[in-house]
Student: 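Just dropping this structure here.
Just so you know, ligand 1 is whichever comes first in the structure, and atom 1 is the first atom listed for that ligand.
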Amino acid sequence: MISRRRFLQGGATLIGAQAMSAAAQADLPAPTMAPAGTERPPPAMPGIRTVTTLNGWSLPSRMRDGAREFHLVAQPVAQEIAPGMQANLWGYNGRSPGPTLQMVEGERVRIFVTNRLAEPTTVHWHGMPVPNGMDGVAGVTQAAIAPGDTWQYEFIARRAGTFMYHPHADDMMQMAMGMMGCIVVHPKDARTMRVDRDYAFLINAYDIRPDTQVPRVGTMTDFNTWTWNSRVFPGIEPLFALRGERVRIRIGNLSMDSHPIHLHGHSFEVTGTDGGWVPKSARWPEVTVDVAPGQMRVIEFIAEEAGDWALHCHKSHHAMNAMGHGVPTMLGTDASAAQSTLRSMVPGYMPMGANGMHEMASMRMSLPDNTLPMMSGQGPYGPIGMGGMFTLLKVRDRAVQGPLENDWYDGAGAARARKI
Ligand SMILES: [Cu+2]
């Protein structure tokens, strides 16, 4: 075993990420693959209030030789974006994003990375203070991890907070294909920055044309699939809180665009970034936080009001799905002549959008294979008419039995807008 002192001095073999010999590989923790469906056993971390990753999971670890050990496997994955749409992505341990890595401030962490892609990769620990040789930048701090090889990273989790991991080798391709994950370093003193509910997700985006399953990785701006943890509404799971609870949401952005994330019904404070916690004296109340590419924003609030509260990106095209953005603007036109002509050629043809686009939310359009309508979802009062980066925060007075998705706030007796 190498002492912490020797490690910090860059002793023996630990000055940089290392390729592993066959003998060392025999001692690896077996890689755990993503659980099926929504099954999500929390990692065993006694005394720690662990983080819930939206539509995601946390990688189990083992303690060995004074270090918390994880085993990441970079590989192609088949991923459901939402029911009705599949994508062929790259990720880690069976899913994109990869599993969240949860650890405790001050711990030594050893992360094995096996490359099952057909091209070299690395892992960069975005925002984490690590020795330079562990920084995971291909060609700069290490040779890239060749296909089939396993490398070892090792560092002390020096700062509590929220970080991200992603490749720094063929970055454009590998991140456009979905390779990323969250890192949560819990404070050593569990009373520090304590909350009742703790959620995390990563913002990413894809350009997946209808009737295809592979993202167009050359796209710079014109994405059509705006995702949280590689999911779109109605495939993004809701968040839950009991009334009066303190809630934290950790939001990291590894897409190519900024995303103003807006919460209804509550005001929050930004309590942290991947640079550290924000001092209380430097916080101010907000209802929207813009998260730029490469940034992590941690927001906290008290869930004061029971209800179903929208949480979404405020760029309205980012809260929509793929199909429909190419529809020409027909607002205010009289398309009845064109309609009868076209109906003679295309039975059932209907011009879209002469009065607005709401009708798209309620009709069952015939779609090409493997894509999603621009607006989707059904609530207790009709079509929700959203997609993309949208979900709900469900605040209740008591725990919900059964699937949270099916539980709608009735607020019997409470004020509600009405027709007069
Ligand atoms: Cu957005």
Student: Just to be sure I understand the site: which N, O or S atoms from the protein are less than 2.8 Å away from the Cu ion (ligand 1)?
Tutor: H259 ND1, C313 SG, H318 ND1
Student: Does a side-chain N-to-carboxylate-O contact under 4.0 Å join D211 and R209?
Tutor: no
Student: Who passes side-chain hydrogen bond (donor to acceptor under 3.5 Å, both in side chains) against D407, sequence neighbours left out?
Tutor: R396
Student: Side-chain donor-acceptor pairs under 3.5 Å in residues 282-293, sequence neighbours left out?
Tutor:
from, atom 1, to, atom 2, distance (Å)
R283, NE, V278, O, 2.9
R283, NH2, V278, O, 2.9
W284, NE1, E286, OE2, 3.1
T288, OG1, H262, ND1, 3.0

Student: Do any pairs count as a ring-ring contact (aromatic ring centres under 6.0 Å, His included) and have a residue in residues 184-213, sequence neighbours left out, and if so which ones?
Tutor: F201-W228
Student: Would you call E305 and R243 a salt bridge, using N to O less than 4.0 angstrom?
Tutor: no
Student: Of the options V123, L59, T114, V73, which is the one that meets Y92 in a side chain to side chain contact (heavy atoms under 4.5 Å, CB included)?
Tutor: V123
